[in-house]
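I have placed the structure first, in the form of C-alpha cells, so that the comments after it can refer back to it.
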Amino acid sequence: MELTAPIEALKYILNNKMDVSVEIVSDSKYVILGITEWIYNWQKNNWRNANKKEVLNRELWEELYVLTKELNPKWTYVKGHDENKYNDRADLIATSFAEGEPVELKK
C-alpha cells in the first residue's frame, strides 16, 4: 500500500489533466528513498538491491518511476504518529477502511 498510494494519486492527477505542482508527503522512508535515490542503482543493477537480491514489487516501482518522471513531485518525509495533520488524516482513512468503518473522505 505504501507504493500504491502515490501511484494512484499521481495517476489521478494525470488522468484528470490537472495542471498542479505535486508534493507527496509520506512517513515511509522506504518509498521516498526508493524513488529518489535507490531506484537508479536498481535499474543499473538489473533490479537487484545492494544485497544482490531481486527488488520486491518491481512492477510498482517501475510504474511509480514513470509517473514521477512525468509529474516531478516533491517528496517530503514526515515522522509517523507524530501529530502531523496530513499523516494523521491518512492513518485515520487507512485504519477506518481496514476496519470497515465509514469515514468522510472530503473535508
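Please read all numbers here as calculations on a predicted model, not as lab measurements. Heavy-atom basis, side chains included; hydrogens, waters and symmetry copies ignored.
- Taking CD of Glu59 as the reference point, atom CD1 of Ile7 lies at 10.5 Å (rounded to 0.5 Å).
- Within the 4.5 Å cutoff, the side chain of Arg48 has heavy atoms near those of the Glu54 side chain.
- Remark: Ile24 CD1 to Ile32 CD1 distance equals 9.0 Å, nearest 0.5 Å.
- Between Arg58 and Glu62, at least one side-chain N (NZ, or NE/NH1/NH2) sits under 4.0 Å from a carboxylate O, which counts as a salt bridge.
- In this structure, Val25 shares a hydrophobic cluster with Val78, the cluster being traced through Ile, Leu, Val, Met, Phe, Trp and Tyr side chains under 4.5 angstrom apart.
- In this structure, the side chains of Phe97 and Leu92 stay at 4.5 Å or more apart for every pair of heavy atoms.
- The distance from atom CG of Asn57 to atom CG of Leu64, rounded to the nearest 0.5 Å, is 11.5 Å.
- The line from OG1 of Thr36 to CG of Leu33 is 5.5 Å long, rounded to the nearest 0.5 Å.
- Closest heavy-atom contact between Arg89 and Val103: NH1-CG2, 4.0 Å.
- Screening residues 7-32 for ring pair (Phe, Tyr, Trp, His ring centres under 6.0 Å), with sequence neighbours left out, gives Tyr30-Trp61.
- Asn49 places a side-chain N or O within 3.5 Å of a backbone atom of Asn51 that can act as its donor or acceptor partner.
- Taking CD of Glu63 as the start and OG1 of Thr68 as the end, the distance is 10.0 Å to the nearest 0.5 Å.
- Here the NZ atom belonging to Lys79 is positioned 11.5 Å from the CG atom belonging to Asp27, to the nearest 0.5 angstrom.
- Screening Leu56, Ile35, Leu60 against Leu3 for a side-chain contact (heavy atoms from CB on, under 4.5 Å) leaves a single residue, Leu60.
- Taking every heavy atom of both residues into account, Ser26 and Ser28 meet most closely at OG-N, 2.9 Å.
- In this structure, Asn87 and Asp82 have side chains that are not in contact, with every pair of non-hydrogen atoms separated by 4.5 Å or more.
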Practice task
Show the numbers, then the answer: is there a side-chain contact (heavy atoms from CB on, under 4.5 Å) between Glu70 and Leu14?
Solution key: CA-CA 9 Å; Glu70 186 152 356; Leu14 278 178; 3.4 Å; yes

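- By the neighbour-count criterion of 12 heavy atoms within 6.0 Å, atom CD of Glu23 is densely surrounded, having more than that number from other residues, nucleotides or ligands.
- Applying the ring pair (Phe, Tyr, Trp, His ring centres under 6.0 Å) test to every pair with at least one member in residues 67-91, sequence neighbours left out, gives no pairs at all.
- Linking ILVMFWY side-chain heavy atoms closer than 4.5 Å, directly or via other members, places Tyr40 and Trp47 in a single hydrophobic cluster.
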